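Just so you know, residue 1 is the first one in the sequence shown, and it goes up from there. Note that the structure is a prediction, hence the values are computed from the model and not measured.
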Amino acid sequence: QVQLVESGGGLVQPGGPLRLSCAASGGTFSKYAMGWFRQAPGKEREFVAAISWTGANTYFGDPVKGRVTISRDNTKNTMTVHMNSLKPEDTADYYCAAAGDRSLYWWKGDPYEFDYWGQGTQVTVSS
């Protein structure tokens, strides 16, 4: 079972960049497809980005498409997401997640396809 810890959240100026990292432990990181989700108060969890086991394939949610990149380093058991041109509506708790062998449709960004979750990191976009 893999444990996930997010870092990098905080207060971000509108229009500014954001970098979030996810550190994994307790499992074979390269066996998991990985994803980022976010949840704003009163809203459902929303897909941000996902990346395949080797990093060769990436997928993005519509609200962030064109503003976000995702990468992973299987030698360091880490995953990183960069987002630019942040908007107040990007304010949310951001979660790192891992999809195991049972997950066939993780690439669609369905949170139910992800088995393991971090505790989340809060991002506030405000001046």
Side-chain angles (χ1 to χ4, degrees):
Q1 183 170 347
V2 63
Q3 290 83 45
L4 306 171
V5 178
E6 303 92 340
S7 61
L11 179 64
V12 182
Q13 296 281 334
L18 174 70
R19 178 181 182 273
L20 299 176
S21 295
C22 175
S25 62
T28 303
F29 183 63
S30 59
K31 290 186 176 181
Y32 297 95
M34 299 295 295
W36 284 98
F37 293 81
R38 66 186 185 185
Q39 189 165 18
K43 295 188 176 181
E44 293 187 352
R45 195 159 291 192
E46 181 178 64
F47 173 59
V48 175
I51 188 167
S52 62
W53 306 268
T54 63
N57 301 102
T58 56
Y59 307 88
F60 303 100
D62 288 340
V64 300
K65 200 169 290 183
R67 300 191 291 130
V68 65
T69 60
I70 186 172
S71 61
R72 65 189 293 165
D73 186 337
N74 287 346
T75 66
K76 297 181 179 179
N77 292 353
T78 58
M79 174 181 64
T80 302
V81 66
H82 288 90
M83 192 180 304
N84 55 42
S85 304
L86 259 68
K87 310 171 186 178
E89 50 264 43
D90 292 318
T91 295
D93 292 327
Y94 283 71
Y95 297 89
C96 167
D101 292 342
R102 71 166 185 90
S103 304
L104 301 179
Y105 301 109
W106 57 269
W107 51 273
K108 291 186 175 183
D110 183 344
Y112 292 101
E113 291 288 320
F114 289 79
D115 301 302
Y116 305 103
W117 293 82
Q119 293 299 308
T121 184
Q122 187 175 52
V123 173
T124 301
V125 183
S126 175
S127 55

Task: Closest contact, heavy atoms only, Ala92 versus Ala40 - done: CB-N, 3.8 Å

TODO: Would you please classify the geometry between the Tyr59 ring and the Trp107 ring as parallel, tilted or perpendicular, with 30° and 60° separating the classes?
DONE: tilted

TODO: Using side-chain hydrogen bond (donor to acceptor under 3.5 Å, both in side chains) as the criterion, list what pairs up with Lys65, not counting sequence neighbours.
DONE: Asp62

Task: Expected output: side-chain Glu6 to main-chain Thr121 donor-acceptor under 3.5 Å - done: no

Task: Side-chain donor/acceptor of Arg72 to backbone N/O of Ala33, under 3.5 Å - done: no

TODO: May I ask you to decide if Gly120's main-chain N or O and Gln122's side chain share a donor-acceptor pair within less than 3.5 Å?
DONE: no

Task: Residue pair Thr58 / Ile70: nearest heavy atoms and the distance that separates them - done: CG2-CG2, 3.5 Å

TODO: May I ask you to decide if Leu104's main-chain N or O and Glu113's side chain share a donor-acceptor pair within less than 3.5 Å?
DONE: yes

- [ ] Say whether, by atom type as modelled, one donor and one acceptor occur between the side chain of Trp53 and the main chain of Lys31 under 3.5 angstrom.
- [x] yes

- [ ] Please report the closest heavy-atom contact between Asp73 and Phe29, naming both atoms and the distance.
- [x] O-CE2, 4.0 Å

TODO: Not counting sequence neighbours, which residues clear ring pair (Phe, Tyr, Trp, His ring centres under 6.0 Å) with Phe47? List them please.
DONE: Phe37

Task: Worked check of side chain to side chain contact (heavy atoms under 4.5 Å, CB included) between Thr78 and Ser21 - done: CA-CA 7 Å; Thr78 58; Ser21 295; 6.0 Å; no

Open item on the list: Could you check whether any side-chain heavy atom of Lys87 comes within less than 4.5 Å of a side-chain heavy atom of Val125, counting everything from C-beta outward?
Closed with: no

Open item on the list: Testing the basics here: between Cys96 and Met79, what is the closest heavy-atom pair and its distance to 0.1 Å?
Closed with: SG-CE, 3.6 Å

TODO: Identify the heavy atoms of Ser30 and Asn74 that sit nearest to each other, and give their distance.
DONE: CB-ND2, 3.6 Å

Task: Pairwise side-chain contact, Leu4 with Met34, heavy-atom cut-off 4.5 Å (strictly under) - done: yes

Task: Partners passing side-chain hydrogen bond (donor to acceptor under 3.5 Å, both in side chains) against Asp90 (at least two apart in sequence or in another chain) - done: Arg38, Arg67

Task: Trace of the side chain to side chain contact (heavy atoms under 4.5 Å, CB included) decision for Trp106 with Ser52 - done: CA-CA 9 Å; Trp106 57 269; Ser52 62; 3.7 Å; yes

